[in-house]
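Everything below concerns the one structure shown next.
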Amino acid sequence: MSSVLRPGVFSPYYQVTKQGVKSLVFPGAKELLPAAAPAGTRLAHTDIKIPDFSDYRRPEVLDPQKSSQESTESRKAFSYLMTGATTVIGVYAAKTVVTQFVSSMSASADVLALSKIEIKLSDIPEGKNMTFKWRGKPLFVRHRTEKEIATEAGVNLGELRDPQHDTDRVLNPKWIIVLGVCTHLGCVPIANAGDYGGYYCPCHGSHYDSSGRIRKGPAPLNLEVPYYEFPDEETVIVG
């Protein structure tokens, strides 16, 4: 151990190794250090150049004597401007996409043209039901008899699955206007049929009375009553 800790013992070997390595790396090079140089001397390459990144730097920050505060402020302003412009463009693009998407789901021109339908009531005989197409759905217009009016007015609301008085479903007792769409699975019922003489859905056996109220079967609700008005006694406008 003592011989290892004393570098002077291996000094000749260090010198030989140094000279051999130098001759391999720099052939023909002259001796840079005296032969009697200490064994712990470090060799450094003095020809290494520090990389120059001037081509990648901003022109305004090349001068080391110039304050970078002005450059910093200008860069901040530019960053804020770009961020604001990008935000405005993004919001406008999102608004355009949402508007186009909502417009694509709106009703077509032919459907909007049929948003209202005018029906001449004198064409419907008493006790009969006529079907019209309104907004792509069947519309039932029924001219009720005095017997049907009295029967539906006397129904006990406690017996109904969807309690609703007949007077709450009509504007004129002679006329019942409902959408012909079963509230069970959207089938089209048959008029003047069923156990209650109103409407009957043969698909799953739902029975409605002449007021369009569910009385028997799987349907959970009464037939829907759309908005309508009577401009005169012979005409009704639905929608």
Side-chain angles (χ1 to χ4, degrees), residues 14 17-18 20-33 37-118 132-139 162 164 168-169 171 177-188 219-229 231 236-239:
Y14 292 156
T17 303
K18 181 177 64 175
V21 172
K22 187 175 67 171
S23 63
L24 292 175
V25 177
F26 302 104
K30 295 181 178 181
E31 179 66 35
L32 298 178
L33 295 175
T41 302
R42 297 178 59 187
L43 299 178
H45 297 284
T46 58
D47 59 343
I48 296 178
K49 295 182 179 180
I50 299 175
D52 185 7
F53 297 100
S54 300
D55 294 339
Y56 303 96
R57 300 176 63 187
R58 297 175 181 271
E60 58 269 18
V61 297
L62 290 177
D63 188 0
Q65 304 299 328
K66 185 179 179 180
S67 175
S68 61
Q69 184 65 26
E70 181 180 352
S71 174
T72 301
E73 295 298 332
S74 63
R75 281 180 288 171
K76 285 183 179 180
F78 179 76
S79 299
Y80 294 153
L81 178 62
M82 290 300 298
T83 302
T86 304
T87 302
V88 172
I89 294 174
V91 171
Y92 181 78
K95 173 182 174 295
T96 303
V97 171
V98 172
T99 302
Q100 294 294 332
F101 179 73
V102 173
S103 300
S104 66
M105 295 189 298
S106 61
S108 58
D110 57 342
V111 174
L112 293 176
L114 296 176
S115 60
K116 289 188 177 183
I117 182 173
E118 181 176 328
F132 302 88
K133 185 179 181 180
W134 177 68
R135 295 183 180 180
K137 300 177 181 179
L139 178 71
D162 184 11
Q164 194 174 20
D168 296 331
R169 296 176 57 80
L171 297 179
I177 302 175
V178 295
L179 293 180
V181 179
C182 180
T183 58
H184 179 221
L185 292 177
C187 305
V188 179
L221 301 173
N222 303 330
L223 294 179
E224 181 181 353
V225 178
Y227 174 80
Y228 64 91
E229 57 184 356
V236 63
I237 297 178
V238 181

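Below, each value reflects all heavy atoms present in this structure, side chains not excepted, and no hydrogens, waters or symmetry copies.
The OG1 atom of Thr87 lies 10.5 Å from the CE atom of Met82; values are rounded to the nearest 0.5 Å. The CG atom of Leu179 sits 6.0 Å away from atom CG of Leu139, with the distance rounded to the nearest 0.5 Å. Separating the NZ atom in Lys116 from the OH atom in Tyr227 is a distance of 7.5 Å, to the nearest 0.5 Å.
Among residues two or more places apart in sequence or in another chain, the side chain to side chain donor-acceptor pair (under 3.5 Å) test is passed with Asp168 by none. A search for side chain to side chain contact (heavy atoms under 4.5 Å, CB included) contacts involving Pro51 returns Phe53, not counting sequence neighbours. Under the rule for a side chain to side chain contact (heavy atoms under 4.5 Å, CB included), Thr86 has no partner lying at least two apart in sequence or in another chain. Looking at residues two or more places apart in sequence or on another chain, you find a side chain to side chain contact (heavy atoms under 4.5 Å, CB included) between Leu171 and Tyr228, Phe230. Looking at residues two or more places apart in sequence or on another chain, you find a side chain to side chain contact (heavy atoms under 4.5 Å, CB included) between Thr99 and Lys95, Ser103.
Side-chain contact between Asp162 and Pro220 is absent, with no heavy atoms from C-beta onward closer than 4.5 Å.
Pairing each heavy atom of Ile117 with each of Trp134, the nearest pair is CG2-CD1, 3.3 Å. Of all heavy-atom pairs spanning Val236 and Pro231, the tightest one is CA-CD, 4.1 Å.
With hydrogens and angles ignored, the 3.5 Å screen pairs no side-chain donor or acceptor of Arg169 with any backbone N or O of Val178.
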